[in-house]
Protein chains: 2
Amino acid sequence: MAEMHGGENLLFLTDEQLRQGIEAMFFAYRGFTADPDRILATMAYGRAHHRAIHFIARSPGTTVNNLLAILGVTKQSLNRVLRTLIEDGLVESRVGTTDKRERHLTLTEAGAALERKLSDAQRARMRAAYRAAGPQAVAGFRQVLEAMMEPDLRRRYHAIRESDT
Amino acid sequence: MAEMHGGENLLFLTDEQLRQGIEAMFFAYRGFTADPDRILATMAYGRAHHRAIHFIARSPGTTVNNLLAILGVTKQSLNRVLRTLIEDGLVESRVGTTDKRERHLTLTEAGAALERKLSDAQRARMRAAYRAAGPQAVAGFRQVLEAMMEPDLRRRYHAIRESDT
DNA sequence: CATATTAAGTCAGCTTTGTTGACATTCCAA
DNA sequence: TTGGAATGTCAACAAAGCTGACTTAATATG
């Protein structure tokens, strides 16, 4: 169990270490979604609604196609979710001005309120974990997560960090 | 973008930093499951089967109840998955010797072969990410993931690392 | 020993969220 | 101007979760 750091020691790449990382990822993801899930369970929405709301809040005016690429589901699947959100007055869909095939999505006041509620819960856990682990651990956490992404999603992740489409 | 570490700087806890962490977690989890998913899509199994196979391989002879607690699903849901795996000859269920109510689950040769195939794919990505990020980043990654788990799952995670039940 | 509890499994039915296939509308380029 | 590409919608189906009610067998307990 010796602490090791810097160049040459490759013990962190053993199958056992990798398996522990895989299980940590599995258990942590459960914690990651637990709080929003609890809130969503009290209403008629699920995790898919949360994801849509999150990325609409993130990039107001985004198109359905854009959202599709980020979420990685079929448009039919996303459409079902969007339809209920629009019917319930949480999301507004406006026909595009330059291209009338596109729909631009934004949150209504009610949608923004739900988004805040869900985000606050998820951020609270994230903040507690970050604080417990410390800034250096957080930097490592981010590095490994990024290296784990599929290349096209990594590009999307960077794009969404730097500018809104 | 100044590098900061040690005690006092709390800029890593801003809402924007937390949101980036949340999105990183979302995109990374997709990468995490992508390779096994591709393999599973070619046969009649899904992610639920993979999870069951993983933890049976991890703790051979584990009981149904044990698996239930680890996976966090209902027994009806797990049972559906286990039934197909047993019917297909990937998992063996043996009546317990000391407590005959219990069923002890193990992988058959065929089950172990599939487990290896899935693990190898998932570990390959994990290994690449670990190698790219380096040992110190990996340590931080593990710390943050652990801090994110629900307490009872964190205990389970530690238990499974140290000894088999 | 009688009874309560536990472990496992089953049946039925429902919900969420993914999938394909077919189709309407809009735009653009040959 | 017309045919294809892009965008979005509707319908039907599948995987995998869920609840609730129940059975069977074995163990624990009063």
Side-chain angles (χ1 to χ4, degrees), chain A residues 26 29-30 33-34 36-56 61-88 91-105 165, chain B residues 26 29-30 33-34 36-54 56 61-88 91-106 165:
Chain A
F26 171 69
Y29 200 78
R30 291 256 295 280
T33 57
D37 281 356
R38 265 190 285 273
I39 295 171
L40 291 160
T42 69
M43 46 191 93
Y45 300 127
R47 212 176 279 178
H49 298 86
H50 181 196
R51 291 197 285 262
I53 288 174
H54 174 100
F55 285 106
I56 294 172
T62 189
T63 63
V64 173
N65 233 10
N66 214 325
L67 215 46
L68 237 38
I70 288 171
L71 296 176
V73 297
T74 57
K75 61 182 173 173
Q76 294 87 335
S77 191
L78 175 57
N79 196 253
R80 189 198 300 123
V81 166
L82 283 180
R83 188 166 39 208
T84 68
L85 290 174
I86 291 167
E87 278 169 8
D88 296 351
V91 168
E92 201 182 358
S93 167
R94 274 191 303 261
V95 172
T97 48
T98 65
D99 187 335
K100 288 180 196 147
R101 291 173 301 182
E102 295 179 339
R103 300 297 132 88
H104 296 277
L105 305 167
T165 305
Chain B
F26 171 70
Y29 199 79
R30 291 257 295 281
T33 56
D37 281 356
R38 266 191 283 274
I39 295 171
L40 291 160
T42 69
M43 47 191 92
Y45 299 127
R47 213 177 279 179
H49 299 84
H50 180 196
R51 290 197 286 261
I53 287 175
H54 174 99
I56 294 173
T62 189
T63 63
V64 173
N65 239 5
N66 213 327
L67 213 47
L68 237 36
I70 288 171
L71 296 176
V73 298
T74 59
K75 64 176 174 178
Q76 293 90 332
S77 192
L78 175 58
N79 198 254
R80 190 197 298 129
V81 166
L82 281 181
R83 191 163 39 204
T84 68
L85 290 174
I86 291 168
E87 277 169 9
D88 296 353
V91 168
E92 201 182 357
S93 168
R94 272 192 305 261
V95 171
T97 49
T98 66
D99 188 334
K100 287 178 196 149
R101 289 173 304 181
E102 295 180 337
R103 299 299 134 85
H104 295 278
L105 304 168
T106 47
T165 307

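- Residue B:Leu85 contributes atom CG, which lies 14 Å from atom C1' of D:dA16 at whole-angstrom precision.
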At under 4.0 Å between heavy atoms, how does the protein contact nucleotides 24-30 of chain C? Give one character per nucleotide, 5' to 3', with B, S or -.
--BS---
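- Rounding to the nearest 0.5 angstrom, the gap separating the CG atom in B:Leu68 from the OG atom in B:Ser77 is 9.0 Å.
- No donor-acceptor distance shorter than 3.5 angstrom exists from the side chain of A:Thr42 to the backbone of A:Arg38, with no hydrogens or angles considered.
- Using a 4.5 Å cut-off on side-chain heavy atoms (C-beta onward), A:Tyr45 and A:Thr84 make contact.
- By the side-chain hydrogen bond (donor to acceptor under 3.5 Å, both in side chains) test, A:Gln76 is found to be paired with no residue, residues two or more places apart in sequence or in another chain being considered.
- Following rounding to the nearest Å, B:Leu68 (CG) and D:dA16 (P) show an atom-to-atom distance of 16 Å.
- Of the inter-residue distances, the one linking B:Leu105 atom CG with B:Leu85 atom CG reads 10.0 Å to the nearest 0.5 angstrom.
- Rounding to whole angstrom units, CG of residue B:Asn66 and P of C:dT6 are separated by 17 Å.
- Whole-Å rounding puts the B:Glu87 CD to C:dG9 P distance at 13 Å.
- Sorted by residue number, the list of members of residues 40-47 of chain A with any non-hydrogen atom under 4.0 Å from DNA chain D is empty.
- Near DNA chain C, defined here as any heavy-atom distance below 4.0 Å, the residues from residues 71-84 of chain A are A:Val73, A:Thr74, A:Gln76, A:Ser77, A:Arg80, listed numerically.
- Checking the phosphate oxygens (OP1, OP2) of D:dG17, a side-chain nitrogen or oxygen of B:Arg51 falls inside 4.0 Å.
- To the nearest 0.5 angstrom, A:Leu82 atom CG is 11.0 Å from A:Glu87 atom CD.
- Atom pair B:Arg38:CZ and C:dT19:C1' shows a separation of 17 Å (rounding to whole Å applied).
- Considering only side-chain N and O atoms, B:Asn65 lies nowhere under 4.0 angstrom from the phosphate OP1 or OP2 of C:dT6.
- Proximity of A:Ile53 to A:Ile56: side-chain heavy atoms (C-beta onward) are nowhere separated by under 4.5 Å.
- A:Asn66 CG to A:Arg103 CZ: the interatomic distance, rounded to the nearest 0.5 Å, is 15.5 Å.
- Contact annotation for A:His49: backbone-only contact, meaning every heavy-atom pair under 4.0 Å involves sugar-phosphate atoms and none involves a base.
- The ring pair (Phe, Tyr, Trp, His ring centres under 6.0 Å) search around B:Phe26 returns A:Phe55, not counting sequence neighbours.
- For B:Leu105 and A:Ala48, each mapped to the nucleotide of DNA chain C holding its nearest heavy atom, the one lying further toward the 5' end belongs to B:Leu105.
- Under the side-chain contact (heavy atoms from CB on, under 4.5 Å) criterion, A:His104 pairs with A:Thr63, A:Glu102, not counting sequence neighbours.
- Straight-line distance from the CG atom of A:Asp37 to the P atom of C:dT16: 13 Å, rounded to whole Å.
- Atoms NE2 and CG, on A:His54 and A:Leu71 in that order, are 9.5 Å from each other to the nearest 0.5 Å.
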